[in-house]
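Below: the structure, in structure tokens.
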Amino acid sequence: MLFIIFAIPSGFIAGRFGRKRTILTGLGIFSVLLVAAYFMPSYPWVIAALLGLGGMAWALVNINSLPMIVDIAPTAVVVGMYTGLYYLASQLAAVIGPILNGIVIDATGRNFNMIFFVAPFFFVLAMLCMVGVTRGEAMPNVE
């Protein structure tokens, strides 16, 4: 729910501070929340709060990723190809992520809390990839 509410503000935040910085911030916040979830008690209000904050952090990443990809495309002819590659990577992660988490859970004696360490590891990898991004920022409004 908070993801949807925070979708529009995340675009404004990226317009003000830059897409790259906004995406990095969202990945960092979500990583910290996931690690914190490992140590938090499993009370419904704690879980709801973490999920709400996580939704807001994910909006910072998700809402700004595709526009960045579209703006990186060198010509309008290849925008579709770049978009397709973006969705291919995204869907591969959606398929491979749960399988990898299952392998980690089984390898740690059915410790489901390990998910809260595996996901941030990959978010940190995403952050390292984002550090190398040099294009795709929104153009400033000229009025």
Qualifying residues under side chain to side chain contact (heavy atoms under 4.5 Å, CB included), relative to R21, sequence neighbours excluded: F17, T25
Linked hydrophobic residues, V77 as query - side chain contacts closer than 4.5 Å: none
Donor-acceptor list for residues 103-125 side chains, cut-off 3.5 Å, not counting sequence neighbours:
| residue | atom | partner | partner atom | Å |
| --- | --- | --- | --- | --- |
| T108 | OG1 | V104 | O | 2.9 |
| T108 | OG1 | I105 | O | 3.2 |
| N111 | OD1 | N113 | N | 3.1 |

Within residues 86-100 or reaching into it, pairs that qualify as salt bridge (charged side-chain N to carboxylate O under 4.0 Å, His left out) - sequence neighbours excluded: none
W58 CH2 to F3 CZ distance, which is reported to the nearest 0.5 Å: 8.5 Å
Shortest non-hydrogen contact between A73 and V79, atoms and distance: CB-CG2, 3.8 Å
All side chain to side chain contact (heavy atoms under 4.5 Å, CB included) counterparts of M81, not counting sequence neighbours: V78, L85
Pairs flagged by salt bridge (charged side-chain N to carboxylate O under 4.0 Å, His left out) wherever residues 49-58 is involved - sequence neighbours left out: none
Backbone of G136 reached by a side-chain donor or acceptor of R19 within 3.5 Å: yes
Verdict with supporting geometry, T83 and V70, side chain to side chain contact (heavy atoms under 4.5 Å, CB included): CA-CA 7 Å; T83 302; V70 169; 4.1 Å; yes
Main-chain N/O of E137 paired to K20 side chain as donor or acceptor, under 3.5 Å: no
Shared hydrophobic cluster for V61 and I5 (ILVMFWY, side-chain gaps under 4.5 Å): no
Spacing of I23 atom CD1 and M130 atom CE [to the nearest 0.5 Å]: 4.0 Å
Taking only distance into account, with no hydrogens and no angle test, what donor-acceptor pairs under 3.5 Å do side-chain atoms of residues 43-57 form with protein atoms, sequence neighbours excluded?
none

Could you go through residues 86-102 and list every donor-acceptor pair under 3.5 Å that involves a side-chain atom there, pairing it with any protein atom two or more places apart or in another chain?
| residue | atom | partner | partner atom | Å |
| --- | --- | --- | --- | --- |
| N101 | ND2 | G97 | O | 3.4 |

For T22 against N64, the heavy-atom pair lying closest together: CG2-ND2, 3.6 Å
Under 3.5 Å, which donor-acceptor pairs do the side chains of residues 31-42 form with other protein atoms, sequence neighbours left out?
| residue | atom | partner | partner atom | Å |
| --- | --- | --- | --- | --- |
| S31 | OG | L27 | O | 2.8 |

Sequence neighbours excluded - salt bridge (charged side-chain N to carboxylate O under 4.0 Å, His left out) pairs with any residue from residues 28-52: none
Hydrophobic cluster partners of I8 (side-chain heavy atoms under 4.5 Å): F12
Connected via hydrophobic side-chain network under 4.5 Å: M68 and I63: yes
Any pair counted as salt bridge (charged side-chain N to carboxylate O under 4.0 Å, His left out), so long as it reaches residues 84-103, sequence neighbours left out: none
